[in-house]
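Per chain, numbering begins at 1; letters A, B, ... match sequence-line order. What's counted below: heavy atoms across the whole structure, side chains too, no hydrogens, waters or symmetry copies.
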Amino acid sequence: MSSNSKIHRFREQWESPDGRFHKIWPVFDAFDTFLFSVGARTRQRPHVRDATDLKRVMSLVIVSLMPPMLFGIWNIGHQTRLAHGLPADFFGSVLDGLLVFVPLLIISYGVGMFWEMLFCVLRKEEVSEGYLVSGMLIPLIVPPTIPWWQLAVAVSFAVIIAKEAFGGTGYNIFNVALMARVYLFFAHPGHISGDNVWIKMQHNTPVTDAFTGATPLALGAASSEMEITAVESVTAHYTWMQCILGTIPGSIGETSKVAILLGAVLLLATGVASWKVMLSALAGMVATTGLFNMFAAAGAPGMIAYPIHFHLVTGGFLFGVVYMATDPVTQPETQTGKWFYGFFIGAVTALVRIINPAFPEGTMLAILLLNVFAPLTDYIVVRLNARARRLRYAQ
Amino acid sequence: MSVHIIRKGLDIPLAGEARPEMETLSPPSTYALRTADIIGHKFKVMVEEGESVKPGQPLCRLRQFPDVIFRTPNSGTIRDIRRGDRRALHEIVIDPDIHNQPDDLRIADPVDPETAEPDVLRTHLLQSGLWSLIIQRPLSKIANPEAKPVALFINAMATAPLAAQSHILLKDREQDLAVGVSALSKLCSGTTYCSVHRDSPSIPGVDTLSNTEIHTFAGPHPAGSPGIQIRQIQPLKQGETAWYVTAVDAAEIGYFLRTGCLPHMRIIALAGPEVSKPAYYQVRSGAALDTILDSRLSDNNEIRIINGDVLAGSKMNRTDHIAPAQSTLTVVPEGVTRDFMGWGMPGFKRYSALRTFASSLLPRRKHALDTRLHGGFRPIISIGQWEKVLPIDIHLTYLIRAIQAGDIQEAIELGLLELSEEDIALCAFIDPSKTDVCGIIRNGLDLYETEYL
């Protein structure tokens, strides 16, 4: 028997309706089309198609996530070493980082893909590529100390409640990765906020005197009680340059602004992410913080006088805007809607940071809030379009 | 004269453009009246297999509009009545007894459109069997003879990939074009418009058309698509219909009115990556494809033959015949290979309009696109692909949702009636979710027709 007909018989067992494994063919199809591009042909017009499919789009997002991921892996180990005053050894840092990050990545993909495939088998649909990106994002937006079981529960929550309950990839209202994070944020706040979660500490090793586990934004937010400006509070521990390079504590993927900008360049060059959303989010951030800065007295304590060049390099704003605000499923469809959506993500982030003393960071909440408004903005834009057409028809 | 500049769109760099050379081919072994590509009509066949037919004898008529008849392209014996799914009429194939000359196909006396009454012209055109060349908007189907169109759009430009260029098709046909356009505009109450492309060579006879507004379009496909042009020139209001005729079909009508003879030759642009000699060929109307394809194809056996362009054309078999309204014949390879991890490779040879493959670094390269779908069907996920190629203010995602939900009132408000397959084919081409946009739009138009007309 030739190997070709063996392969054919193997394929038959999954694909033909009376094959032995036909019930779970979406699983086979997912691996099959992962290895070899789809062989299906067009049946009718248009007879030729663009080579881009969702797999390609999602792969590009994954590639664009590589710089923050690689930097994050190194930074996990680096922060541990700094905290304990150990020598900064590059390979040691990377190794420590891998030991922290790889299990998180495996849990995220393993649990997420399990649910994803289960739902596809039940629905008899092809497995969609959406979770490839979500599964990569989730470990990048949690602290390195997150307990594994919490991550697994958060991923399950995000995939089942935020995505599959709405119909799967393409139908969800909220960004899936952020839903995992927001679940942790409200269900297990002790493990995702405060000053003790951002650095993986080693037991039985003393910390240095200058050590703080706080993120720059937390320091900034705490400044109002200490009667110093937010910038002074931040720069007592970190320089602006450290913040932009990313050698600071924080969620794994969001610390290095340089790495994120590298990813953003790829996303914009390939046209996968909307430049309108990114630009308008920056504009919203600049406008809102500018407004508050104008009304703040010189040297005022607290976030009200926190300047824009610090806002942009501290916290997860840049990461959120580049990778999550631009999620094609949860942003508005219409181009006008995108401007509105982006602008208010920037504005609401700034508002939470400046006005709400309980939350130092507002990016996640801002994006989720605007996810809620995305269908409404689309609705308004589409109704206006329909109204214009009705007037034109009736003249 | 006004210029419309279309900025959104895409000229797909498909290899195998027809060279501007013309060759006249010898008569074919069989002829046929091809109806397979006519959308949304059923036919009543008026002949039987084995029957012999005289030059220009009627072969079939539309069930919906019985006045619209189709005449034989040649005399001979009916060899075969080919049908497709659900017995839809595809072709009526004829074994020729002789190869008719133009005079053999004289079925009427010449008519001068300047002096003839509109009703006489209408009857005359219906009798000619050429009425099917007139397309009505909305719906994009053969025009209803009873309808009163408010505008006539003559299209003397083609922007679809590898489509036959009007200045070649219309060479030396100034008189035919003038007579055809003037007859059609007499049947139509409103203005007559003629669209030309700014960057194409000028088309003989267009500038001298009487009572016709010339509109110049510039920019990529779909600038030459009727829906886009109508929207730019004179958007239709509720309940209005317009007529749309390509300039070469208007010239065919003019030829008939001028001489009383049915047109017996047709110029076809043979193009596409699988064609070894892409050029223009003059063939008999309704000729078998073999005449034109023989020895002009590459060695590949897995090919797709398309009546029209790769975007909006329809599939043909090797044994089929040239259709009455056909000007382009495209041949592309069928897709057979499956690339190993194609989603992860740089992709210098994979064409995408979305800059997602390395091929976008080589924008001048022509691609031999094949018929692979390049992906699985997914829910609509918008990464701005449709905004790139749809130059009119239609929110396509919402239009598609309205059609799929069966909400035709909403679909009309979102612009369904401004579109047809050819206007929207680029959106289907570019979509990473591989949505069947053309099919959905046609479903919407069908629903509109059954519910509202």
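- Within the 4.5 angstrom heavy-atom criterion, no atom of Asp327(A) approaches chain B.
- Heavy atoms of other residues, nucleotides or ligands lying less than 6.0 angstrom from CZ of Arg318(B) number more than 12.
- Arg372(B) approaches Thr42(A) most closely through the heavy-atom pair O-CG2, 4.4 Å.
- Shown here are the side-chain hydrogen bond (donor to acceptor under 3.5 Å, both in side chains) partners of Ser360(B), two or more places apart in sequence or in another chain: there are none.
- For the set Ala312(B), Gly308(B), Gly384(B), the entry with the most heavy-atom pairs within less than 4.5 Å of chain A is Ala312(B).
- Of the listed residues Gly347(B), Gly439(B), Gly313(B), the one with more heavy-atom pairs under 4.5 angstrom with chain A than any other is Gly313(B).
- The environment of NZ in Lys388(B) is crowded: more than 12 heavy-atom neighbours from other residues, nucleotides or ligands sit within 6.0 Å.
- With hydrogens and angles ignored, the 3.5 Å screen pairs no side-chain donor or acceptor of Arg350(B) with any backbone N or O of Ala51(A).
- A 6.0 Å sphere centred on OH of Tyr452(B) holds more than 12 heavy atoms belonging to other residues, nucleotides or ligands.
- Expressed to the nearest 0.5 Å, how far CD1 of Ile430(B) lies from OG1 of Thr52(A) amounts to 8.0 Å.
- For Phe429(B) against Val48(A), the heavy-atom pair with the smallest separation is CD1-O, 3.1 Å.
- Distance check, rounded to the nearest 0.5 Å: OH of Tyr171(A) to CD1 of Ile380(B) gives 7.5 Å.
- Listed here is the closest heavy atom pair of Ala386(A) and Leu414(B): CB-CD2, 4.1 Å.
- A salt bridge is absent between Asp37(B) and Arg45(A): the closest approach of a Lys/Arg side-chain nitrogen to an acidic carboxylate oxygen does not fall below 4.0 angstrom.
- Pro328(A) and Ser382(B) make their closest contact through CB-O, 3.3 Å (heavy atoms, listed as atom of the first residue, atom of the second, distance).
- Shown here is Phe348(B), whose CZ atom has no more than 12 heavy atoms of other residues, nucleotides or ligands within 6.0 Å.
- Per-residue heavy-atom pair counts under 4.5 Å with chain A were compared for Gln238(B), Glu387(B), Arg304(B), and the maximum is reached by Arg304(B).
- Residue Val272(A) touches chain B through both its backbone and its side chain, counting heavy-atom pairs closer than 4.5 Å.
- Heavy atoms only, all atoms of each residue included: Phe36(A) and Arg338(B) are closest at O-NH2, 3.2 Å.
- Ranked by heavy-atom pairs shorter than 4.5 Å toward chain B, the options Lys276(A), Glu125(A), Met58(A), His47(A) are led by His47(A).
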Check the pair Arg43(A) / Asp436(B) against side-chain contact (heavy atoms from CB on, under 4.5 Å), numbers first and verdict last. CA-CA 10 Å; Arg43(A) 293 223 188 95; Asp436(B) 177 20; over 6 Å; no
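- The list of side chain to side chain donor-acceptor pair (under 3.5 Å) pairs with a residue in residues 421-430 of chain B, not counting sequence neighbours, reads Arg137(B)-Asp423(B), Ser225(B)-Asp423(B), Glu421(B)-Arg442(B).
- The local environment of CD in Glu17(B) is sparse, with at most 12 non-hydrogen atoms from other residues, nucleotides or ligands closer than 6.0 Å.
- Ion pairing between a basic and an acidic side chain is recognised when a charged N comes within 4.0 Å of a carboxylate O; Glu302(B) and Arg41(A) show such pairing.
- Listed by first and then second residue, the salt bridge (Lys or Arg N to Asp or Glu O under 4.0 Å) pairs that reach into residues 377-386 of chain A are Arg383(A)-Glu410(B), Arg383(A)-Glu413(B), sequence neighbours excluded.
- Residue-environment remark: CZ (Phe28(A)) exceeds the threshold of 12 foreign heavy atoms within 6.0 Å.
- Looking at Leu236(B), the atoms closer than 4.5 Å to chain A (heavy atoms on both sides) all sit in the backbone: N, CA, C or O.
- Most heavy-atom pairs under 4.5 Å with chain A, from the set Thr356(B), Asp431(B), Ile383(B): that is Thr356(B).
- Put simply, CG on Leu54(A) and CZ on Arg378(B) are 6.5 Å apart, with the number rounded to the nearest 0.5 Å.
- Of all residues in residues 330-340 of chain A, those placing a non-hydrogen atom less than 4.5 angstrom from a non-hydrogen atom of chain B are Gln331(A), Glu333(A), Thr334(A), Gln335(A).
- Options Val382(A), Leu60(A), Thr169(A), Thr33(A) differ in how many heavy-atom pairs under 4.5 Å they form with chain B, and the most are formed by Val382(A).
- Within the model, atoms CG of Leu369(B) and CZ of Arg49(A) stand 12.5 Å from one another, a figure rounded to the nearest 0.5 Å.
- With a 4.5 Å cut-off on non-hydrogen atoms, Val127(A) touches chain B through its backbone but not through its side chain.
- In this structure, Tyr393(A) and Lys237(B) approach most closely via the heavy-atom pair O-CB, 3.1 Å.
- Contact annotation for Arg387(A): neither backbone nor side-chain heavy atoms come within less than 4.5 Å of a heavy atom of chain B.
- Looking only at side-chain heavy atoms (C-beta outward), Tyr398(B) and Asn385(A) stay at 4.5 Å or farther from each other.
- The pair Asp393(B)-Arg389(A) meets the salt-bridge criterion, since a charged nitrogen lies less than 4.0 angstrom from a carboxylate oxygen.
- If you measure heavy-atom distances from Ala269(A) to chain B, the contacts under 4.5 Å come from the backbone alone.
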